[in-house]
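I have a structure here, written as structure tokens, and I will follow up with some questions on it.
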Amino acid sequence: MRSETAPAIRLEDYKPPLYRIDTVALNVELVPKATRVTSTFQVERQPDTAAGAPLVLDGDELSLAGIRVNGKTLEETAYTATADRLELVSPPAEPFELTLVTELDPDANTKLMGLYRSSATYCTQCEAEGFRRITYFLDRPDNLSVYTTRLEASKAECPVLLANGNLAEAGDIEGTDRHYAIWHDPHPKPAYLFALVAGDLAEVPDRFTTMSGKDVALNIYVEHGKEGLCDWAMDSLKRSMRWDEEVFGREYDLDVFNIVAVSDFNMGAMENKGLNIFNDKYVLADPETATDQDYANIEAVIAHEYFHNWTGNRITCRDWFQLCLKEGLTVFRDQEFSSDMRSRPAKRIADVRLLKSHQFPEDAGPLAHPVRPRAYHEINNFYTATVYEKGAEVVRMLLTLLGEEAFHKGLDLYFERHDGEATTIEAFLACFEEASSTDLAQFSLWYEQAGTPVVSVETEYDPDRKTFSVSLSQEIPPLAGQKSSKPAVIPLRFGLIGPNGEDMETGSVEGAEVNGDVLVLDRAHQDVVFKNVAAAPVLSLLRGFSAPVRLNQPLQSKDLLFLAAQDRDPFNRWQAVQTLAMQDLVRLAGLVRDGVDGVPSEDVIGVLASVLDETQLDEALRAQALTLPSEADIAQEIGKDVNPDAIHAAREMLRRAVATRLGPSLLPFISGHSSGGSYSPDAQAAGKRSLANRCLHYYAASGADDAADLVWSRFSSADNMTDRLAALTLLVQDHMPREEEALTAYRQRHSGSSLAMDKWFMTQAMAPGDQTLERVKALMSDPSYDAGNPNRVRSLLQSFATGNPTQFARADGAGFELVAESALEIDKRNPQVASRLLTSFRSWRALDPQRSSLAESALLRVSACENLSRDSRDIVDRTLQ
Ligand code: B3K
Ligand code: ZN
């Protein structure tokens with residue numbers, strides 16, 4: 001029997017709370033299986049609420065052990081308490097004090113929401129609705145309270161006691177082996193930002209002086225022995241704090257900023273006020289265990305959580321529908337930070353790659369939703385690429401449309417006007433409207449309409465009249481559940497490139513608003529005419545990926561080759577190379593599928609091969625240009641009847657052709673860029689390594705006699721994880737002769753580091769070839785595998801499901817089966833991890849009929865399961881819709 005689906009929560013049903021809780025005092029007596037939480041709330045009826053109206057508080061798997069109103073125990077008839085709800089039938093009309101006692105077993109909490117233990121450390125995760133697993137509460141983001149938290153625990157087991165805010169008091173409890181600490185957070189906050197940590201942790205201290213001269217204590221807490229792995233995270237934190245002052249004028253506001261790294265965590269990190277809790281993957285790094293990508297991720301995630309202090313914490317969301325208000329804006333801010341710290345074009349390309357590979361398929365499939373969703377069953381399923389990444393693109397478009405000055409004026413107004421509030425997208429946009437005197441009503445459609453707009457372009461040059469006509473149209477392909485769409489406001493950054501490769505000056509423009517190099521498309525169809533255009537130009541459109549749209553611009557190969565070589569916009573140069581490669585890959589995949597022989601295009605081989613000589617582009621950009629579209633990207637482009645085996649074969653064919661063309665010319669790039677024993681994680685050094693490893697990737701496919709030896713020697717002599725993992729990946733994913741030996745050597749070297757071991761699992765899960773399925777099954781029983789640890793599950797199963805298209809979508813259905821069965825097992829323990837894994841089925845309808853019917857059967861088996869969590873039920877139901 002199937003579990004019932006509860007009705008959806010809807011944006012249009014939003015109502016302010018009937019009561020407010022302004023002050024929260026918690027006394028948490030930490031004991032492994034019997035933690036006692038005494039919560040004291042100051043409750044106030046709201047002016048519009050009738051006296052005596054019931055007070056309803058949220059709970060989740062709670063048991064109530066005591067209830068007092070104004071100090072007096074409440075009669076049993078005056079309330080009803082279930083695991084998920086506490087109702088005071090007729091609370092006092094005047095402000096009153098409510099005291100609740102709840103008893104928790106943190107050891108039994110495998111959902112990792114609320115209070116749980118990671119290794120021996122007590123920690124919490126409350127976003128989105130975890131606080132209700134600690135005590136009954138108005139667990140909604142528009143109830144802001146000032147928190148005082150008293151923690152009490154065994155001194156020996158938990159020498160470190162942390163909560164939000166500043167430390168007010170600490171001491172021993174006489175006559176016992178226990179001690180306590182009281183933390184006070186003066187900034188009113190929603191319950192989702194509450195946090196506590198208690199454990200035996202090492203402290204890595206530092207300090208920061210803010211722009212107004214305030215001294216802030218910074219601490220990173222990690223397991224003992226890992227203190228030496230925090231330097232990069234601390235450095236990133238200090239740079240983030242300075243940057244937010246310089247670029248956004250935002251200063252930190254408490255005496256202390258604490259970060260705690262734990263190894264069992266459902267996502268990347270959490271921005272709890274003054275006490276950020278992190279998945280240790282985004283804190284710990286040294287050259288031996290972390291790749292360049294890990295270093296870049298740590299920098300970005302540390303910054304992201306820190307930036308939330310203003311965009312999310314000081315100004316929070318009125319309800320969960322407004323999630324992009326904090327997430328989209330904060331992703332935009334962390335992207336800008338990384339761009340300033342690293343190469344801006346390389347960062348932009350990486351971000352767009354991520355958007356296209358994660359958000360575009362989401363927006364085109366059954367899980368599509370607007371940046372601001374209108375309904376949900378389980379809010380945890382809406383922490384998506386659409387809310388985060390497309391949400392960030394919408395903020396970026398505001399900047400592009402309004403210009404730096406007005407954009408910052410609008411944001412300053414937002415910070416000033418809404419500080420201390422729980423607010424909405426409408427309030428956010430109103431600040432920009434006011435600051436720029438622009439009407440953003442049409443722009444706001446970006447928050448309302450799901451789906452990726454397709455912008456189609458046709459051009460014509462008239463040599464007699466010296467005009468260049470551009471006919472533009474936009475459309476969102478029809479999506480289930482969405483009525484026809486309205487035209488959006490699409491900023492298109494552009495250039496008209498003349499025959500000499502320079503951007504041309506033109507005369508006036510008719511048919512569209514043009515500001516500098518930005519043309520605004522805001523109707524379904526627009527004919528734009530550029531006057532006084534001296535010669536036939538090539539239109540470079542959507543420079544810097546100025547809007548999250550698909551561009552349908554039928555450029556001829558010669559124009560794409562011209563753009564790949566000449567465009568002064570590095571993004572569009574990269575895009576031109578990608579487009580050329582993509583067109584050829586789609587053609588080749590079709591031939592392979594139909595059993596017809598095909599060879600890669602000489603032009604495409606040539607353009608890829610010539611990237612190496614483009615010495616005016618930095619190494620990171622050259623490495624990106626040499627990275628072929630992923631198999632998933634190609635599948636997306638093909639769109640229907642997808643055969644992953646044909647795609648894989650086509651991609652390998654092009655890789656081999658480029659490799660053969662380049663041959664020994666790759667060698668200097670490989671050997672010339674080793675770190676020589678002095679590793680530095682900076683962008684330039686990382687760029688050199690990424691080009692070296694990209695070249696190695698081609699050399700391995702070049703057919704050279706010494707290729708296998710070279711890869712092995714890079715593996716065995718690497719002095720940093722970036723190079724070692726790149727070589728291991730080739731050995732394993734190309735099934736090279738010493739694959740097994742390499743895996744054993746890696747394991748021996750890194751068995752003490754779970755983060756390094758995650759990479760070992762991931763590399764094997766992503767290997768093409770029929771044998772991978774059995775290997776993944778065997779790895780699930782490996783002593784180093786831990787089905788309760790989210791990082792481990794993601795490294796093995798999520799990597800298999802999302803990073804190994806040929807094996808996940810095997811023609812015998814065994815890949816779908818494995819993922820579905822595993823998700824069912826995981827769901828019993830940790831619904832969030834299970835539902836995330838199930839999203840890997842989202843593009844099932846695009847597969848060929850045999851594969852899609854096998855995927856559907858696997859999904860139906862999951863759906864038929866009794867007691868499926870709300871998280872997984874929601875994903876499966878929507879995916880099958
Ligand atoms: N705000 C958290 C994510 C919470 C996810 C809840 N399921 C991390 C972040 O975006 O910064
Ligand atoms: Zn965030």
Side-chain angles (χ1 to χ4, degrees), residues 60 111-114 116 123-133 139-141 164 189-195 233 236-237 240 244 259-262 264-283 297-317 319-338 351 354 358-359 371 373 376-392 395 422 790 794 830-837 839 869-872 874-875:
D60 182 10
K111 294 185 176 171
L112 313 188
M113 282 297 282
Y116 67 96
C123 60
T124 53
Q125 172 56 36
C126 292
E127 188 176 359
E129 297 175 336
F131 191 72
R132 63 183 66 181
R133 294 169 60 77
D139 194 3
R140 43 188 291 164
N164 313 91
K189 64 168 177 289
Y192 83 84
L193 290 173
F194 170 80
S236 302
L237 174 61
S240 308
D244 210 16
I259 288 178
V260 180
V262 299
D264 302 281
F265 207 61
N266 279 347
M267 61 262 175
M270 179 64 213
E271 70 263 24
N272 318 298
K273 182 79 189 191
L275 176 55
N276 287 0
I277 300 181
F278 271 65
N279 184 329
D280 58 5
K281 176 180 160 73
Y282 294 112
V283 173
N297 291 344
I298 290 170
E299 183 178 78
V301 179
I302 291 266
H304 179 97
E305 305 311 330
Y306 174 72
F307 297 156
H308 267 314
N309 191 54
W310 272 94
T311 48
N313 301 4
R314 298 272 302 229
I315 308 182
T316 194
C317 305
D319 53 69
W320 290 119
F321 296 102
Q322 322 293 330
L323 185 57
C324 62
L325 179 71
K326 73 178 180 83
E327 295 305 346
L329 178 54
T330 306
V331 170
F332 167 77
R333 276 152 50 69
D334 85 53
Q335 291 174 343
E336 283 298 288
F337 169 71
S338 295
D351 288 340
L354 185 84
H358 287 74
Q359 199 277 326
V371 171
Y376 62 79
H377 281 102
E378 172 51 63
I379 187 57
N380 282 318
N381 287 336
F382 283 84
Y383 287 75
T384 57
T386 297
V387 169
Y388 276 64
E389 270 73 37
K390 188 173 178 183
V395 176
R794 286 188 283 254
N830 189 330
Q832 278 185 46
V833 173
S835 66
R836 198 42 78 112
L837 183 57
T839 62
S869 67
R870 184 169 61 212
D871 308 58
S872 295
D874 170 44
I875 294 293

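Counting convention: from 1, in listed order, for ligands and their atoms alike. Only a predicted model underlies this, so the values are computations on that prediction, with no experimental measurement involved.
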Practice prompt. Enumerate the atoms of ligand 1 whose separation from the nearest heavy atom of Gln832 is less than 4.0 angstrom.
Written response: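 Atoms satisfying the 4.0 Å criterion: 7 (N).
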Discussion item. Under a 3.5 Å cutoff, is there a donor and acceptor pairing between the side chains of Asn266 and Asn830?
Written reply: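 Note: Asn266 and Asn830 side chains meet the donor-acceptor criterion.
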Worksheet item: Within the side chain of Asn279, is there an N or O that forms a donor-acceptor pair under 3.5 Å with the backbone of Tyr282?
Response: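 It does not hold such a pair.
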Practice prompt. May I ask you to list the atoms of ligand 1 that are less than 4.0 angstrom from any heavy atom of Asn380?
Written response: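 Atoms satisfying the 4.0 Å criterion: 6 (C), 7 (N).
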Discussion item. Within ligand 1, which atoms have a heavy atom of Lys326 less than 4.0 Å away?
Written reply: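 Here the atoms of ligand 1 in question are 1 (N).
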Worksheet item: Considering distance alone, does some N or O of Glu305 sit under 3.5 Å from an N or O of ligand 1?
Response: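 In this structure, Glu305 places an N or O atom under 3.5 Å from an N or O of ligand 1.
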Worksheet item: Nearest protein heavy-atom contact for atom 10 (O) of ligand 1: which residue, which atom, what distance?
Response: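 The protein heavy atom lying closest is Tyr388 OH, 2.5 Å.
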Worksheet item: Counting from 1, what ligand 1 atoms have a heavy atom of Met270 closer than 4.0 Å?
Response: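 So the answer, numbered in order with elements, is 1 (N), 2 (C).
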Discussion item. With a 6.0 Å cut-off (strictly less than), is the heavy-atom count around NZ of Lys326, excluding the residue itself, greater than 12?
Written reply: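 Correct, the count exceeds 12.
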Worksheet item: Is the Tyr376 to Phe321 ring centre distance short of 6.0 Å?
Response: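 Yes, the ring of Tyr376 comes within the 6.0 Å limit of the ring of Phe321, centre to centre.
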Worksheet item: Which of the atoms of ligand 1 are close to Glu327, meaning less than 4.0 Å from one of its heavy atoms?
Response: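 Numbered from 1, ligand 1 contributes 1 (N), 9 (C), 10 (O).
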Discussion item. Regarding Glu327, does it place an N, O or S atom less than 2.8 Å from the Zn ion (ligand 2)?
Written reply: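 Within the cut-off used here (under 2.8 Å), Glu327 does place an N, O or S atom near the Zn ion (ligand 2).
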Discussion item. If I apply the N/O under 3.5 Å rule, does Tyr383 come out as touching ligand 1?
Written reply: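 No: no nitrogen or oxygen of Tyr383 is under 3.5 Å from one in ligand 1.
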Fill in: Test salt bridge (charged side-chain N to carboxylate O under 4.0 Å, His left out) applied to Asp60 and Arg870, Arg132, Arg133, Lys111, the passing residue
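Exactly one candidate clears the test, Arg133.
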Fill in: Heavy atom of the protein closest to atom 8 (C) of ligand 1 (residue, atom name, distance)
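The closest heavy atom on the protein side is Ala269 O, 2.9 Å.
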Worksheet item: Considering only protein heavy atoms, which is closest to atom 6 (C) of ligand 1, and at what distance to one decimal place?
Response: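 In this structure, atom 6 (C) of ligand 1 has Glu127 O, 3.3 Å as its nearest protein heavy atom.
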Item to complete: May I ask you to check whether over 12 heavy atoms, not counting those of His358, lie within 6.0 Å of atom NE2?
Response: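 Counting neighbours around NE2 of His358, 12 or fewer heavy atoms of other residues, nucleotides or ligands fall under 6.0 Å, so no.
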